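Letters A, B, ... are given to chains in the order of the sequence lines, protein chains preceding strands, and every chain is numbered from 1. Since this is a predicted model, take the numbers as computed values, not measurements.
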Amino acid sequence: MKRVKIIEEFPIPWSEATIQAFRETLLAWYDQEKRDLPWRQTKDPYKIWVSEIMLQQTQVNTVIPYYERFIEALPNIQALAEAEEETLLNLWQGLGYYSRVRNMQTAAQQVMGEYGGQLPKTAEALRTLKGIGPYTAGAIASIAFGEPEPAVDGNLMRIVTRLFEIGEDIGKASTKRQITAYLYQMIDPKRPGDFNQALMDLGATIMTPANLTPELSPLKAFDQSYQHGTAELYPVKKSKVTVTEHSFLAYILMNPNGEVLFRKHGEGELLTGLWHFPLIEQTLVMDEATEQEMLEPLTDWLTGTDLAFSKEQFHLSLPQAYRYDREQLLRHLPLVKHQFSHRLWYVQLVPVQVNQSSNSLSGQLEWLTLEELKTYPMSTLQTKLLQRWLPDLGV
DNA sequence: AAGCCGGGGAG
DNA sequence: CTCCCAGGCTT
């Protein structure tokens, strides 16, 4: 079975004595402090099932009146299986996630047809029912049937990662396996349902996401993050960084000596110290763009550099082959996509001829031959641009 | 693995 | 106001 396998994969770093002490401490706290909730007055698996489905999506105080009303209207699995859809939706109205009550009815019909009207007792069998995943299966199996199954929800993940200072992303399947494996080894086989509910209560009231110094926690002695003051580091959730999109023109400025203008990115700039074609943030060149419009961002930028640029002195143009053939030009302006951790760049390459070179260059700008250019420190982005422009250069 | 589902609460 | 939350299903 899965249990044995994942325990072998992730043995808990606690002695038997520590595990025993942990169970006793946690359950003593629960016996003292447990919340008095309607679904804790019953051992009816159906009622526990209903409460768990509702609690997946909504907080306890909101759930209570819905739970009471639902149980009164549909007091058993058969009633749920036979209910009109309209009845279901009325009972669920305001809770959201209406597919869940539909799934629950499908599962009730499964139970009537395949399990003789009785919920199966093992987590594995419960999982075959529509809408019952690992968490809900563990909750029903432990609370209603006394099976030693953990019910791993967000509360338990937070608590376990803090207790053991587990710094892996809890979104990863392997981290969930580790947390589940530890809980299999921690769970009290004599009171598995209370063990799970104790951790849920603790997570909801004391070891909350925001409470980083849970002075009232009964688990302080077992809690590495509390001992080390590192609670804020757990759990690790891979943040969905908002990726902002930017578009640039990368000008390949070629002088009569066969050299290309290269610029070193300065302090405070992305990719500091690395050499790139001049990159100018600009909407991408469209089909209707004229040569003038394509070159304007470049002339504007050059005016502000130390190239002693003036429109009178320098003449910029697109390569001859492109000047009068718009279709060919646009086909040959390659677009390079580059993903940073926090932004997505679209960079369009624009080759440009300049009729004369300039001598007055600072250290930030250099005219380089293709061979010299290859020896300068470049970013992956610049390597990509170069590769796209001249695939045969061998960078 | 990632998007979707839909409310409520926190900031 | 926006952001975040918690599970399970679907692709």
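Aromatic ring pairs are classed by plane angle as parallel below 30°, tilted from 30° to 60° and perpendicular above 60°; the pair A:Trp14 and A:Phe222 is tilted.
Within the 4.0 angstrom heavy-atom criterion, no nucleotide atom of any strand lies near A:Gly171. Backbone-only contact: A:Ile132 has heavy atoms under 4.0 Å from sugar-phosphate atoms and none from a base.
Taking only side-chain nitrogens and oxygens, A:Lys176 never comes nearer than 4.0 Å to OP1 or OP2 of C:dG8. Remark: A:Thr136 is in phosphate contact with C:dG8, judged by side-chain N or O atoms under 4.0 Å from OP1 or OP2.
Under a 4.0 Å N-O distance rule, the pair A:Glu85/A:Arg102 qualifies as a salt bridge. Taking 4.0 Å as the cut-off between side-chain N and carboxylate O, A:Glu165 and A:Arg162 do not count as a salt-bridged pair.
For C:dC9 and B:dG8, the P atoms lie 24 Å apart once the distance is rounded to whole Å.
In this structure, of C:dG8, B:dG6, B:dG9, it is B:dG6 that holds the atom nearest to the side chain of A:Tyr97. In this structure, the nucleotide among C:dC9, C:dA6, C:dG8 sitting nearest to the side chain of A:Arg158 is C:dA6. Picking from C:dT10, C:dA6, C:dG8 the nucleotide with the shortest atom distance to the side chain of A:Pro134 gives C:dG8. Picking from C:dA6, C:dC9, B:dG9 the nucleotide with the shortest atom distance to the side chain of A:Lys237 gives C:dA6. With distances taken from any side-chain atom of A:Tyr98 to the nucleotides C:dC9, B:dG9, B:dG6, the minimum falls on B:dG6.
For the pair A:Leu129 CG and C:dG8 P, the computed distance is 12 Å after rounding to whole Å.
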